[in-house]
Amino acid sequence: MSDTKTLYAAFAAKIDAVLSALEAEAVLPPDCPRQNVSVEPPRDPSHGDLATNAAMVLAKQAKTNPRALAEKIVEHLTRDPLIESAEIAGPGFINLRLADTAWLEELAAIAKLGAEYGRSTIGAGKRVNVEYVSANPTGPMHMGHCRGAVVGDALASLLEYAGHDVIREYYVNDAGGQVDVLARSAFLRYKEALGHDIGAIPEGLYPGDYLKPVGEALAKELGDRFVDEPEDEWLPIFRAQAVTAMMEQIRADLALLGIKHNVFSSEAALQMAGKPEQAEKWLREHDLVYDGVLEQPKGKVLDDWEPVELPLFRSTRFGDDQDRPIRKSDGKWTYFGADLAYHMQKAEGADELIDIWGADHAGTVKRIKAAVAALSEGQGKPIPFDVKLVQMVQLLRNGEPAKMSKRSGNFVTIADMVEEVGKDVVRFTMLTRKPDAQMDFDFAKVVETSKDNPVFYVQYAHARICSTLRKGAAEGLEPSDADLSGLGADEMALIAQAAQFPREVEAAAKAREPHRIAFYLYDLASAFHSYYNLGNDDAQKRIILAQDPALSAARLFLSVQIGQVLRNGLALLGVDAVEEL
RNA sequence: GCGCCCGUAGCUCAGUUGGAUAGAGCAUCGGAUUCCUAAUCCGGGGGCCACAGGUUCGAAUCCUGUCGGGCGCACCA
């Protein structure tokens, strides 16, 4: 698809071609490494539209100084009609200024590609499994899950847009002790629904009201026959029912944020299928699991410490502090033991794995990465595996930290949040900082100063474009590219900003950092607002000019394309591109 | 005590994976609406990129150490 190659990629290719020509002329030695050669828009716009460091990087190999080499490169570049000027600056940068036709070609590309403008093929043929949220099915989604959910969803969309085949997966922890606690809590609510006085919810059980409907449903379905039965009789039934109910709740909560997974994997099913046993067997055969006794951790006093022999994974071989148990002393799997088998299961259906975890699990990254590396390499299919940590969100309400513990039953749910400030605000805010830095989310502040929220700024730019088009149509002016000759420097600058979108998509996808798209959209919106406001100082610069229909049509055409890029970016973030505010 | 993450304007944060004179928003000061949405725009002031070394043509970015904040540290998930 060379005809749809985006502008920055095309110019990078041109410079590459020049370097090849110089190799042919023996100015450069053959096959000299070029991976450090960059072609990017310079930070300072006065340096031109594009800059390359090629001369500085390659001067040594050419056995000359950067400026001398730069002159040779410039000589070639100036032959290109799309390059208006090429100047050598500073220590040896080559600054290029592009001809208007180059920008107008890009504008045409946006018009032609529409929603596909920005889509990349860098991930073609790669199937990536992104696992995110994976909250325990013990209650509604709360703010502690929110950031990882939004970041994971946006990352999945971004990778898809960059050409990957993406699996959006949720791991359901329906096999551990927490879901037994859930079942016991549901049992109490069941008795309550049948008219028994249950008093206060005992310490250690989930006190939240959200289990009341679950208890009522159980009472309706099962009647009173389990009320006086021993736990063994009812626990599996109550557990299954409660987990199902919680997962329905969680799916509904995620839907409020516009999040949908396509695979839900059950930990219980994984264990039923004997996957952890298979993994253990293989690990033991390769001396990666052995029976041993852990030492008491230093720096922490444990009253109830007892040395026990457990099957341990040799994670210390991979830089971990301690070897890690894969089974508990009762013979059941630890979370880690099941999790490593789960990762092997995911690896069977993907070329690459990404997990989005909360930073409170940072301490477990080494062991799981070690296990995946050991198993996948040992089984002949080394698999790239990345754990992205999202840092804690400190949620404040009226200046006071809000509790976010499920056990307390006193938490701010995602449903509350979306109802109060809206999906778009929640999503955009979570994506307007890099995920590995802590953030404060002051509830009251977001509500009060919502007009200062960047999401409105970007949406306003889009809405403004829509309203301008409506206004134009009312005056009989329609966007058209029939005559773009009236477009000048102001318009070219705006196109240049839009033209960066494909680069940003690729850079963000490579770095697995969806927040970059949010910042880019802010910049693009800002460029459009500036452009729009030129018309306030100089009436000739307004988009709609009744006395000049050709120029109006061209400017409206430009506006349509800017709106398109805004829509494409907002779609990646899962934020609506509204037509009116 | 150990491991991981972070430290950039008064505040909240970006910084194109090592590039040129470090940028936005809020706050502050000063301007722009008989005119396409002023939820916007233009301009001023504000910096030892926590600190100290190192790597190189070049460091906020990479390495080492120190200080400060967060998270975690047996068979909980």
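Keep in mind it's a predicted model, so treat the numbers as computed, not measured. Proteins come first, then strands; the chains are lettered A, B, ... in the order of their sequence lines, and each starts at number 1.
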For the side chain of [X], starting at C-beta, report the closest nucleotide among [options].
| X | options | result |
| --- | --- | --- |
| A/Q438 | B/rC36, B/rC41, B/rG69 | B/rG69 |
| A/F456 | B/rU37, B/rA39, B/rC4 | B/rA39 |
| A/Y532 | B/rG72, B/rC6, B/rA38 | B/rA38 |
| A/N533 | B/rC75, B/rU40, B/rC4 | B/rU40 |
| A/S530 | B/rC36, B/rC42, B/rC6 | B/rC42 |
| A/I544 | B/rC76, B/rC36, B/rC5 | B/rC36 |
| A/M439 | B/rC5, B/rC13, B/rA77 | B/rC13 |

**Request:** Strictly below 4.0 Å, heavy-atom distances to any atom of RNA chain B: list the hits from residues 513-528 of chain A, or just say none.
**Result:** A/H515, A/R516, A/F519, A/Y522
When all nucleic acid strands are considered with a 4.0 Å heavy-atom cut-off, which category describes [X]: base, sugar-phosphate, or nothing?
| X | result |
| --- | --- |
| A/A463 | base |
| A/S467 | base |
| A/R542 | base |
| A/E306 | base |
| A/R503 | base |
| A/K332 | nothing |
| A/A511 | base |
| A/E580 | base |
| A/I543 | base |

**Asked** Which value, in whole Å, describes the distance between the C1' atoms of nucleotides B/rA24 and B/rA9?
**Response** 11 Å
**Message:** Classify the ring geometry of A/F519 against A/H515: parallel below 30°, tilted from 30° to 60°, perpendicular beyond 60°.
**Reply:**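 Aromatic pair A/F519/A/H515 classed perpendicular.
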**Message:** Please verify the inter-ring angle class for A/W357 with A/H361; under 30° counts as parallel, over 60° as perpendicular, anything in between as tilted.
**Reply:** perpendicular
**Base-pairing string, 5' to 3', of RNA chain B - Watson-Crick or wobble, under 3.5 Å, | interstrand** = (((((((..((((.....[...)))).(((((.......))))).....(((((..]....))))))))))))....
Kindly give the atom pairs (protein nitrogen or oxygen, nucleotide nitrogen or oxygen) under 3.5 Å for nucleotides 18-21 of chain B.
{"from": "B/rG19", "atom 1": "N7", "to": "A/N53", "atom 2": "ND2", "distance (Å)": "3.4"}
{"from": "B/rA20", "atom 1": "OP2", "to": "A/R43", "atom 2": "NH1", "distance (Å)": "3.0"}
{"from": "B/rA20", "atom 1": "N6", "to": "A/N95", "atom 2": "OD1", "distance (Å)": "2.7"}
{"from": "B/rA20", "atom 1": "N1", "to": "A/N95", "atom 2": "OD1", "distance (Å)": "3.1"}
{"from": "B/rA20", "atom 1": "N1", "to": "A/N95", "atom 2": "ND2", "distance (Å)": "3.1"}

**Request:** Identify whether NZ of Lys or CZ of Arg in A/R503 sits under 6.0 Å from the centre of the six-membered ring of A/Y8 and within 45° of that ring's axis.
**Result:** yes
**Within 45° cone and under 6.0 Å: A/R314 NZ/CZ vs A/Y290 ring** =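 Yes; both conditions hold, so A/R314 lies above the ring face of A/Y290.
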**Message:** Are B/rA77 and A/H361 stacked, with the base six-membered ring and the side-chain ring centres under 5.5 Å apart and planes under 30°?
**Reply:**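 Yes, aromatic ring over the base.
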**Message:** With a 3.5 Å cut-off and heavy atoms only, can you find an N or O donor on one side and an acceptor on the other between the side chain of A/T468 and the base of B/rC36?
**Reply:**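 Such a pair does not exist between side chain and base.
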**Request:** For A/R470 and for A/P41, locate the closest nucleotide of RNA chain B by heavy-atom distance; then report the residue assigned to the nucleotide nearer the 5' terminus.
**Result:** A/P41
**Prompt:** A/Y342 and side chain to side chain contact (heavy atoms under 4.5 Å, CB included): which partner among A/K275, A/Q271, A/E267, A/E169?
**Reply:**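 Going through A/K275, A/Q271, A/E267, A/E169 one by one, the side chain to side chain contact (heavy atoms under 4.5 Å, CB included) with A/Y342 is satisfied by A/E169 alone.
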